[in-house]
Protein chains: 2
Amino acid sequence: MSPKRTQQRAAVVRALEQAGGFRTAQQLHAEIQAGGSSAALATIYRNLSSMAAAGELDVLHPPGGEAIYRLCQLQEHHHHLVCRSCGATVEIDSPDIEEWARKTARRHRFRAVSHTAELYGLCSRCA
Amino acid sequence: MSPKRTQQRAAVVRALEQAGGFRTAQQLHAEIQAGGSSAALATIYRNLSSMAAAGELDVLHPPGGEAIYRLCQLQEHHHHLVCRSCGATVEIDSPDIEEWARKTARRHRFRAVSHTAELYGLCSRCA
DNA sequence: TTAAGTGCAAATCGTTTGCAGTTCG
DNA sequence: CGAACTGCAAACGATTTGCACTTAA
């Protein structure tokens, strides 16, 4: 039973696609209205929940207290090495961790697995 | 300037030590009362915040919405495999990713590197 | 037609904060 | 004594939910 194709759900998907990365429910709400469409915040939450349950998007719960969502990007993803001091960022593309994620997921019988990984340290200039 | 040595703060520390692992603020509250001491929930939150800011404890923000705290244990850190649908969480302890983090950091001449890594998928019951 | 989806407002729930009273140093 | 800490209750902000109304199928 696939979900009903409503204007609101379409708007949420469109907003997420346009965003390309992580967004909070409230940001999506604002961006949807800015785009001329409309969808109640509650509706956005409901759609995000069902999409997440369906494995269509990733949810993160940062310390800030506001959850962030983004469309699943099974491929084309990479990681970051960030300097705690100056904020310099190096993009990491490592097959190792992809494989680790896949293996680990299989070991626990999880499917449709995505992952996040970030490294934080002091770069050579700041150390 | 180190913090004041109050009964309440002591009770929080004691509860965390006794716990050994992660606890929510409310669990600590209950355990403190069960232990015969007393400390208002607000006070517990205040103490946990200051301890976290001082780097004395780790804080995690799981999907459930309730933060969990534990005394810092520089070793024994692990990652999580979380079900997008039901929130079930498996703790992962993998030397591979630790090594990957260390290697990657060295390759880019970063020091004092820490990292985060989380996996998201659908568990066998929800798939 | 009718089950699923929506909007709105009220309700939750974890966490924070204002303020007056208490306590450590 | 005086700054730091506590308790309580009210305030908050994100998310959820009850309910009557729409709408996709």
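Scope of the values below: all heavy atoms of this structure, side chains included, with no hydrogens, waters or symmetry mates. The structure displayed is predicted, hence computed values, not measured ones. Protein chains get the first letters and strands the later ones, always in sequence-line order, with residue 1 at the start of each.
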What is the separation between atom [atom1] on [X] and atom [atom2] on [N], rounded to the nearest whole Å?
X       : N      : atom1 : atom2 : result
B:Arg46 : C:dT17 : CZ    : C1'   : 8 Å
A:Tyr45 : C:dG5  : OH    : P     : 20 Å
B:Asn47 : C:dT16 : CG    : P     : 13 Å
B:Leu41 : C:dT17 : CG    : C1'   : 14 Å
B:His29 : C:dG14 : NE2   : P     : 13 Å
A:Ile32 : C:dT6  : CD1   : C1'   : 13 Å

How about [X] and [Y]: do any of their side-chain heavy atoms sit closer than 4.5 Å?
X        : Y        : result
B:Gln8   : B:Ile32  : no
B:Glu31  : B:Arg23  : yes
A:Phe110 : B:Cys83  : yes
B:Glu118 : B:Tyr120 : yes

Per-residue pairing states of DNA chain C in dot-bracket (Watson-Crick or G-U under 3.5 Å; . unpaired, | other strand) read ||||||||||.||||||||||||||

- Taking the six-membered ring for Trp and the single ring otherwise, decide whether the centroids of A:His115 and A:His79 are under 6.0 Å apart. yes

Q. Looking only at side chains, do B:Arg9 and B:Ser50 share a donor and an acceptor under 3.5 Å apart?
A.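 Their side chains do contain a donor-acceptor pair, which is all the 3.5 Å distance test asks for.
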
Under 3.5 Å, side chain of B:Thr104 to main-chain N/O of B:Trp100, donor-acceptor pair present?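 Looks like yes, one N/O pair under 3.5 Å.
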
| message | Determine whether a donor-acceptor pair (N or O, by modelled atom type, separation under 3.5 Å) exists between the side chain of A:Ser37 and the backbone of A:Gln33. | response |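 It does not hold such a pair.
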
Go through the steps for B:Gln26 and B:Leu41 under the test side-chain contact (heavy atoms from CB on, under 4.5 Å), then give the verdict. CA-CA 7 Å; B:Gln26 322 239 9; B:Leu41 197 47; 3.8 Å; yes

| said: Both A:Ser2 and B:Ala67 contact DNA chain C. Which one's nearest nucleotide lies toward the 5' end? | reply: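 By nearest-heavy-atom nucleotide position, the 5'-most residue is A:Ser2.
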
* Looking only at non-hydrogen atoms, find the nearest pair between A:His29 and A:Ala39 and report the distance. =>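 Answer, listing the atom of A:His29 first, then A:Ala39: CD2-O, 3.1 Å.
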
Which is it for A:Glu99 and A:Lys103 under the salt bridge (charged side-chain N to carboxylate O under 4.0 Å, His left out) test, yes or no, and what are the steps along the way? CA-CA 6 Å; A:Glu99 163 132 7; A:Lys103 270 190 180 170; 3.7 Å; yes

Chain A vs DNA chain D, heavy-atom contacts under 4.0 Å, first-to-last nucleotide span, 5' to 3', is D:dA14 to D:dA25

- [ ] Using a 4.0 Å heavy-atom cut-off across all strands, classify B:Ser38 as base, sugar-phosphate, or nothing.
- [x]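 If one applies the 4.0 Å heavy-atom cut-off, B:Ser38 turns out to touch the sugar-phosphate alone, with no base involved.
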
Please write out the pairs of protein N or O atoms and N or O atoms of nucleotides 21-25 of chain C separated by less than 3.5 Å, giving the distance to one decimal.
unit_1: C:dT23; atom_1: O2; unit_2: B:Lys4; atom_2: NZ; d: 3.1
unit_1: C:dG25; atom_1: OP1; unit_2: B:Arg5; atom_2: N; d: 3.3

